[in-house]
Amino acid sequence: DQLRPLQILRYTDGVKWKFLEHKGPVFAPAYEPIPSHVKFYYDGKHMKLSPEAEEVATFFAKMLDHEYTTKDIFRKNFFKDWRKEMTSEERAKITDLKKCDFTEMSEYFKAQSEARKAMSKEEKQKIKEENERILQQYGFCIMDNHKERIANFRIEPPGLFRGRGDHPKMGMLKRRIRPQDIIINCSKDSKVPEPPPGTKWKEVRHDNKVTWLVSWTENIQGSIKYIMLNPSSRIKGEKDWQKYETARRLKKCVDRIRAQYREDWKSKEMRIRQRAVALYFIDKLALRAGNEKEEGETADTVGCCSLRVEHIKLYPENEGQEYVVEFDFLGKDSIRYYNRVPVEKRVFKNLQLFMENKEPDDDLFDRLNTSILNKHLQELMDGLTAKVFRTYNASITLQQQLKELTTAEENIPAKILSYNRANRAVAILCNHQRAPPKTFEKSMQNLQSKIDAKRDQLADAKRELKSAKADAKVRKDEKSKNKKKAVQRIEEQLMKLEVQATDREENKQIALGTSKLNYLDPRISVAWCKKWGIPVEKIYNKTQREKFAWAIDMAEEDYEF
DNA sequence: CCTGCAACTTAGGAGGTCACGC
DNA sequence: GCGTGACCTCCTAAGTTGCAGG
């Protein structure tokens, strides 16, 4: 039974569906020109812009409060693209971004957003109903006898591109997507979606070897964007299940693979040593594969195979430990990875060797790339790739941590703290970080004062209990019984608050969601809930329960990853 | 082998929503 | 009822992987 996901892929020859029908995408609303009293000034003088130039100007105006509109690259890219949208007269006149005054536009949009917030209940309700109507009309499709939810049926609206980190293309104009940019994918025997009146699709195709419904090419990187199904859909769920089954197969042979790469550290071939050390990092530190990236097209980030000499430092001895490697680099989304880890002597010596006679910006693994590595992994196990190690190590860590941290005596809040701590161990392993919430310090203080107040309350209650007991002398009366109950109740409340404070403090810069959604076999969590009588709702919200419906159905309390 | 493309998964942030305590 | 903050949803960028074609 557990082999089913594999069989689906193997025996159906890449066919993803037999029938697919949908209504096509929802386009971004057309540009609404701003009222004429909202003015744009160039060099102090009012200037009426053409609608095309005005629209792009509003994109900038909406971002005026963001720090990145002060960045040179952002301004340069924006200005270049904006000028392309201007009439030749505008282009002749507007030659310096510094002389552009967008403040009235910016104020106008702020006022609009305030007005939206201040809308009456009825108006808000109306908008909600309209959204619901659109969702019902466009948010679902029929795939093989099932009505399935579509993930992103709205086309991305135009605006200014803001990549993550130090992105060379920040500020560029992301253009509006029109029906003639859209490729529709559906089955031949379905009702083909209608393009908006007076327009045509770029293409309608019937490719049942892919899962997407709609695609278009985006103008910043020239990559293709897709509309696909929601994670709750059959097609995504089966794929997810299969991912965890592959990770479980790795569990069965990971010892052999580890023994192999340790052996390969001694190889006389440089490429094999490099491959073996890289694999060790991927396994031990859950690093990503690290594809090469085109310079100047994206932010300068790396993964394992693309590490450069400048990203690691070697310490023969550090704080009482031998053979310490310090990693410091920007990974996916320009999130910093910083870690100091003791490694085996052989790894350390190999790293010294790889770094010999190299410049800081040279590749650490110059004989290796992700394609070589994945080909090797494929030979070690069917379906094995670099990212399977992340899934495997994340899931096995959760399982181990849950076993270690959960104790039978704990109450439910304490058990959930244990769960969160196990989840946190995984998030730390995978380096899933978040910016500390803007209100973190304040909300922490508020919680602390609640705790203080609760402590005072407890002290009072204890005092009252004592005097009640003294009053009652010999026989235990009703009053002291009640006081005792009050003390217990307050103690419980205090404990709950303290647990909450600990949990929040430990979670300051850690994001749990990513691992929960993408790396942790949900059956581990479901089994844990069953074993300890925790309602699964305490662990997964509604969306998550929909995504993991397959696991909730499947896993019993004795499930082992 | 290398390059580029296509398809799909993984990612953090913004902003909306809703529950909870006062 | 009201304000606050935690949680959730949406958004879309940024990865990984496999494959085709030279």
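Lettering of chains follows the sequences in order, A, B, ..., and the numbering in each one begins at 1.
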Does A:K147 make a cation-pi contact with A:F140, if we ask for NZ or CZ under 6.0 Å from the ring centre and within 45° of the axis? yes
Looking for any heavy atom pair under 4.0 Å, which part of the strands does A:N291 touch: base, sugar-phosphate only, or nothing? base
Counting the atoms with a prime plus P, OP1 and OP2 as sugar-phosphate, which does A:R288 contact under 4.0 Å by heavy atoms, base, sugar-phosphate, or nothing? sugar-phosphate
Is A:H146 atom NE2 crowded by more than 12 heavy atoms from other residues, nucleotides or ligands, each under 6.0 Å away? no
Partner set under side chain to side chain donor-acceptor pair (under 3.5 Å) for A:S223, not counting sequence neighbours: A:E218
Counting any heavy atom closer than 4.0 Å, what does A:A299 reach on the DNA or RNA strands: base, sugar-phosphate only, or nothing? nothing
Heavy-atom nearest nucleotide on DNA chain C taken for A:G383 and for A:Y540; more 5' hit belongs to A:Y540
Range on DNA chain C touched by chain A - first to last nucleotide, heavy-atom distance under 4.0 Å: C:dG5 to C:dG18
Base, sugar-phosphate or nothing for A:Q433? Non-hydrogen atoms, less than 4.0 Å. sugar-phosphate
Could you pick out which residue, A:T385 or A:R162, lies toward the 5' side of DNA chain C when each is mapped onto its nearest nucleotide? A:R162
Would you classify A:T298 as touching base, sugar-phosphate or nothing, given that sugar-phosphate means primed atoms plus P, OP1 and OP2, and contacts are heavy atoms under 4.0 Å? nothing
Assign A:R336 to base, sugar-phosphate, or nothing according to its heavy-atom contacts below 4.0 angstrom with the strands shown. nothing
Under 6.0 Å between the ring centres of A:F74 and A:H167? no
Would you indicate what A:G331 reaches in the nucleic acid, counting non-hydrogen atoms under 4.0 angstrom: base, sugar-phosphate, or nothing? sugar-phosphate
Take a 6.0 Å sphere around CD of A:Q136 and say whether it holds more than 12 heavy atoms from other residues, nucleotides or ligands. yes
Just grab all the side chain to side chain donor-acceptor pair (under 3.5 Å) pairs involving residues 17-32 of chain A, residues at least two apart or on different chains. A:Y31-A:E54
Answer yes if the side chains of A:S515 and A:N423 hold a donor-acceptor pair under 3.5 Å, and no otherwise. yes
Indicate, with a heavy-atom threshold strictly under 4.0 Å, whether A:P157 touches base, sugar-phosphate, or nothing. sugar-phosphate
Hey, are A:Y419 and A:S525 close enough side-chain-wise for a donor-acceptor pair under 3.5 Å? yes
Parallel, tilted or perpendicular for A:F27 and A:W201, by the 30°/60° rule? parallel
Give a yes or no on this: more than 12 heavy atoms of other residues, nucleotides or ligands lie within 6.0 Å of atom NZ of A:K80. no
Answer yes or no: does atom CD of A:E129 have more than 12 heavy-atom neighbours from other residues, nucleotides or ligands under 6.0 Å? yes
Verify the neighbour count for atom CD of A:E295: are there more than 12 heavy atoms of other residues, nucleotides or ligands below 6.0 Å? no
Students often get this wrong, so: under 4.0 angstrom with heavy atoms, is A:G513 touching a base, only sugar-phosphate, or nothing? nothing
What about A:F78 and A:F59, are their ring centers closer than 6.0 Å? no
Measure the angle between the two terminal helix axes of the helix from B:dC1-C:dG22 to B:dC22-C:dG1, five base pairs each, and quote it to 10°. 10°
Tell me whether the centres of the aromatic rings in A:Y338 and A:F327 are closer together than 6.0 Å. no
Do any N or O atoms from the side chain of A:H311 and from the backbone of A:D328 form a donor-acceptor pair under 3.5 angstrom? no
Base, sugar-phosphate, or nothing: which does A:K387 touch, judged by heavy atoms less than 4.0 Å apart? sugar-phosphate
If you walk 5' to 3' along DNA chain B, what is the first nucleotide with an atom under 4.0 Å of a heavy atom in chain A, and what is the last? B:dA6 to B:dC18
Can you work out whether A:W212 or A:K128 has the more 5'-proximal nearest nucleotide on DNA chain B? A:W212
Tell me, which of residues 219-227 of chain A have any heavy atom that sits under 4.0 Å from an atom in DNA chain B? A:I224, A:Y226
Just checking A:K542: base, sugar-phosphate only, or nothing, at a heavy-atom cut-off of under 4.0 Å? nothing
First of A:D207 and A:K375 reached from the 5' end of DNA chain B, by closest nucleotide: A:K375
Touch class at under 4.0 angstrom, heavy-atom based, for A:T370 against every strand present: nothing
